[in-house]
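Each remark here refers to the structure printed beneath this line.
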Amino acid sequence: MAAREQRPETSSGGLPPTAWAVLGLLSFPGERTGYELKKWADASLRFFYWSPAISQIYAELRRLEALGYATSRRSGPDEPRAKRSYAITGEGRAALAAWAGGGEDAGPPVLKHPLLLRVWLGHLTAPGHLRTLVAEHIARTRGELTQVRDALAAAEGAEAWSFPQVALGWSERRLRNEVELAEAMLDDLDRLEAAAPEGPGQRAAPFGQPETPSGQLPKDAPT
């Protein structure tokens with residue numbers, strides 16, 4: 001259940017949330033390359049926000065550097081492969097702290113659940129196909145649950161990761177609930193299939209709408 005950032009979107013600080021997220025990754029000790037920031041995002045941010053593409057991370061790094069919120073340096077000639085590392089500046093840390101501690105409402109979470117969109121359109125497909133999709137979703141979610149538990153184990157005992165552990169703990173509970181919800185949805189699909197009328201062309205009307213005698217949906221059925 002991945003939530004994607006809705007763009008264009010800016011916060012009170014004039015930057016999109018993803019820019020603050022990238023700057024937030026830089027706020028932990030040490031310098032990081034764009035590739036390392038992407039790995040960190042995949043190991044943490046994606047479980048409760050989303051993981052930007054590597055191209056967007058570099059775009060945000062350029063923006064942050066232009067604003068004076070980040071600085072970068074190229075590796076020396078003794079390095080086998082040249083790379084650019086980034087670090088947060090004092091000005092960037094102050095701006096990030098002001099944004100993170102701001103009094104404005106953080107806003108509601110944005111849920112985009114592709115599987116539920118397919119289920120919502122289940123009257124157009126075979127119940128067995130929906131069951132396959134839900135089963136695949138359960139397997140994938142269990143895999144993510146293992147990954148977030150691995151991330152929690154890796155962060156355990158690291159003082160700098162105390163608050164990320166809280167976010168990852170929430171992610172672990174969310175994924176457990178997601179598995180339970182999907183399993184309950186399989187039961188719902190079983191009940192629908194068992195109660196489905198026999199014969200071709202039989203479809204249930206949308207919730208709250210009566211079926212027409214022919215079994216066709218009313219023209220004014222809600223979307």
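Only heavy atoms go into these numbers, but all of them, side chains included; no hydrogens, no water, no symmetry mates. Position 1 is the first residue of the sequence, and the numbers go up from there.
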Nearest 0.5 angstrom please: Leu64 CG to Trp20 CH2, how far? 8.0 Å
Partners of Arg176 by side-chain contact (heavy atoms from CB on, under 4.5 Å), sequence neighbours excluded? Leu145, Arg149, Glu172, Arg173
Provide the closest heavy-atom pair for Ala155 versus Gln165 in the form atom of the first, atom of the second, distance. O-NE2, 3.0 Å
Check against side-chain contact (heavy atoms from CB on, under 4.5 Å), Arg32 and Leu25: CA-CA 9 Å; Arg32 298 288 181 273; Leu25 290 171; over 6 Å; no
Which heavy atom of Ser51 sits nearest to which heavy atom of Lys38, and what is that distance? OG-NZ, 3.0 Å
Between Arg46 and Asp42, is there a donor-acceptor pair closer than 3.5 Å when you use the side chain of the first and the backbone of the second? yes
Tell me the closest heavy-atom pair linking Gly34 and Ile57, and the distance in Å. O-CG2, 4.1 Å
Side chain proximity check, Leu115 to Met185, heavy atoms < 4.5 angstrom: yes
The reported gap from CG in Leu152 to CH2 in Trp161 (rounded to nearest 0.5 angstrom) is 10.5 Å
Please determine whether salt bridge (Lys or Arg N to Asp or Glu O under 4.0 Å) holds for the pair Arg63 and Glu60, giving the CA-CA distance in whole Å, both sets of side-chain angles, and the decisive distance to 0.1 Å. CA-CA 5 Å; Arg63 187 211 303 259; Glu60 296 299 350; 2.8 Å; yes
Could you state whether Leu181 and Leu189 fall into the same hydrophobic cluster, counting links through intermediate Ile, Leu, Val, Met, Phe, Trp or Tyr residues with side-chain heavy atoms under 4.5 angstrom apart? no
Answer yes or no: is there a donor N or O on one side and an acceptor on the other, between the side chain of Ser85 and the main chain of Glu31, under 3.5 Å? no
All heavy atoms of Ala182 vs all of Ile138, minimum pair found to be CB-CG1, 3.4 Å
Distance check, rounded to the nearest 0.5 Å: Glu183 atom CD versus Glu178 atom CD? 10.5 Å
Can you tell me how far the CG atom of Leu45 sits from the CG atom of Leu168, to the nearest 0.5 Å? 9.0 Å
Would you sort out whether Arg191 and Asp188 count as a salt bridge (Lys or Arg N to Asp or Glu O under 4.0 Å), showing the intermediate values? CA-CA 5 Å; Arg191 283 191 290 270; Asp188 292 339; 2.2 Å; yes
A side-chain contact here means heavy atoms from C-beta on lying under 4.5 Å apart; do Leu61 and Leu37 qualify? yes
Atom of Gly122, atom of Leu130 and distance for their closest heavy-atom approach: CA-CD1, 3.7 Å
For Glu193, check side-chain hydrogen bond (donor to acceptor under 3.5 Å, both in side chains) against everything at least two apart and list the hits. none
May I ask you to check whether over 12 heavy atoms, not counting those of Phe28, lie within 6.0 Å of atom CZ? yes
Gap between atom CH2 of Trp50 and atom CD of Gln56 - 0.5 Å precision: 4.5 Å
Has Glu144 got a side-chain atom pairing as donor or acceptor with Leu175's backbone, closer than 3.5 angstrom? no
Passes side-chain contact (heavy atoms from CB on, under 4.5 Å), Leu15 versus Leu67? Steps please. CA-CA 11 Å; Leu15 292 175; Leu67 290 171; 3.7 Å; yes
For a quick test of your reading: what N or O donor-acceptor pairs under 3.5 Å do the side chains of residues 88-98 make, sequence neighbours left out?
from: Thr89; atom 1: OG1; to: Gly68; atom 2: O; distance (Å): 2.6
from: Thr89; atom 1: OG1; to: Tyr69; atom 2: O; distance (Å): 3.2
from: Thr89; atom 1: OG1; to: Gly92; atom 2: N; distance (Å): 3.0
from: Arg93; atom 1: NH1; to: Ser27; atom 2: O; distance (Å): 3.3
from: Arg93; atom 1: NH2; to: Ser27; atom 2: O; distance (Å): 3.1

Taking a hydrophobic cluster as the set of Ile, Leu, Val, Met, Phe, Trp and Tyr residues connected by side-chain heavy atoms closer than 4.5 Å, whether directly or through intermediates, do Trp120 and Leu133 fall within one such cluster? no
Atom pair CZ (Arg174) and CZ (Phe47), whose distance is rounded to the nearest 0.5 Å: 9.5 Å
